[in-house]
Amino acid sequence: MSQALIRLRVNGSEVARTVEVRRTLSDFLREDLGLTGTHVGCEHGVCGACTVLLDGQPVRSCLLFAVQADGAEVTTVEALGTPEALSPLQQAFMDHHALQCGFCTPGFLMSATALLRDHPRPSNEIIRDMMGGHLCRCTGYAAIEEAVKAAGA
């Protein structure tokens with residue numbers, strides 16, 4: 001197997017590792033760095049559970065190779081807050097019961113983080129457009145929409 005040295009910044013820390021060139025970014029984050037908040041659902045880029053920010057843009061980490069993130073800034077759900085000090089968006093998810101089973105939550109949080117950065121007071125239509133890139137099997141999209149709207153207020 002071919003390997004490559006990659007250097008990137010993950011959640012504000014410099015990281016350098018040798019990885020197999022076919023290793024996905026999601027596997028690199030979860031297995032090599034222990035950042036298990038990034039969930040892997042469909043492994044086809046459809047469900048959005050593996051969404052992270054790559055240079056500020058939401059991406060499906062299951063569709064990228066770790067070597068494609070070489071030199072980039074990666075932000076995962078672990079960077080948003082701590083159990084003792086949730087981010088305003090995480091708190092809004094909690095307050096509006098948008099967490100549900102929690103499997104898809106990290107992906108929603110990362111996409112919503114980018115959305116709120118670009119649209120601090122998003123309309124329902126903009127929020128729904130963002131949610132269209134995520135699948136939640138708990139069928140609770142209304143609570144997620146309310147949480148994102150509340151965090152942007």
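Along the sequence shown, the residues carry numbers beginning at 1.
A donor-acceptor contact shorter than 3.5 Å is absent between the side chain of Asn11 and the backbone of Glu78. Here the side chain of Arg60 pairs no donor or acceptor atom with the backbone of Leu63 at under 3.5 angstrom. Remark: side-chain polar atoms of Arg30 are not paired, donor with acceptor, to backbone N or O of Gly37 under 3.5 angstrom. Asp55 places no side-chain N or O within 3.5 Å of a backbone atom of Ala72 that could act as its donor or acceptor partner. A donor-acceptor contact shorter than 3.5 Å links the side chain of Gln90 to the backbone of Ser87. Thr51 places a side-chain N or O within donor-acceptor distance of the main-chain N or O of Gly48, the cut-off being under 3.5 Å.
Using a 4.5 Å cut-off on side-chain heavy atoms (C-beta onward), Cys47 and His134 make no contact. Looking only at side-chain heavy atoms (C-beta outward), Cys136 and Gln100 come within less than 4.5 Å of each other.
With respect to Arg7 and Glu14, no salt bridge is recorded, no charged nitrogen being found less than 4.0 Å from a carboxylate O.
Annotation for Leu89 and Leu109: closest pair CD2-O, 3.4 Å, computed over non-hydrogen atoms.
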Item to check | Verdict with reasoning, Glu125 to Ser123, per side-chain hydrogen bond (donor to acceptor under 3.5 Å, both in side chains) | outcome: CA-CA 5 Å; Glu125 182 179 13; Ser123 67; 4.9 Å; no

Checklist entry - Do Val21 and Phe65 pass the side chain to side chain contact (heavy atoms under 4.5 Å, CB included) test, and can you show the C-alpha distance, the side-chain angles, and the key distance before you say yes or no? => result CA-CA 7 Å; Val21 295; Phe65 293 119; over 6 Å; no

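Note on ring orientation: taking the six-membered ring where Trp is involved, the planes of Phe108 and Phe93 are tilted (angle from 30° to 60°).
Of the listed residues (Leu35, Thr75, Leu29), just one forms a side-chain contact (heavy atoms from CB on, under 4.5 Å) with Val52, and that residue is Leu29.
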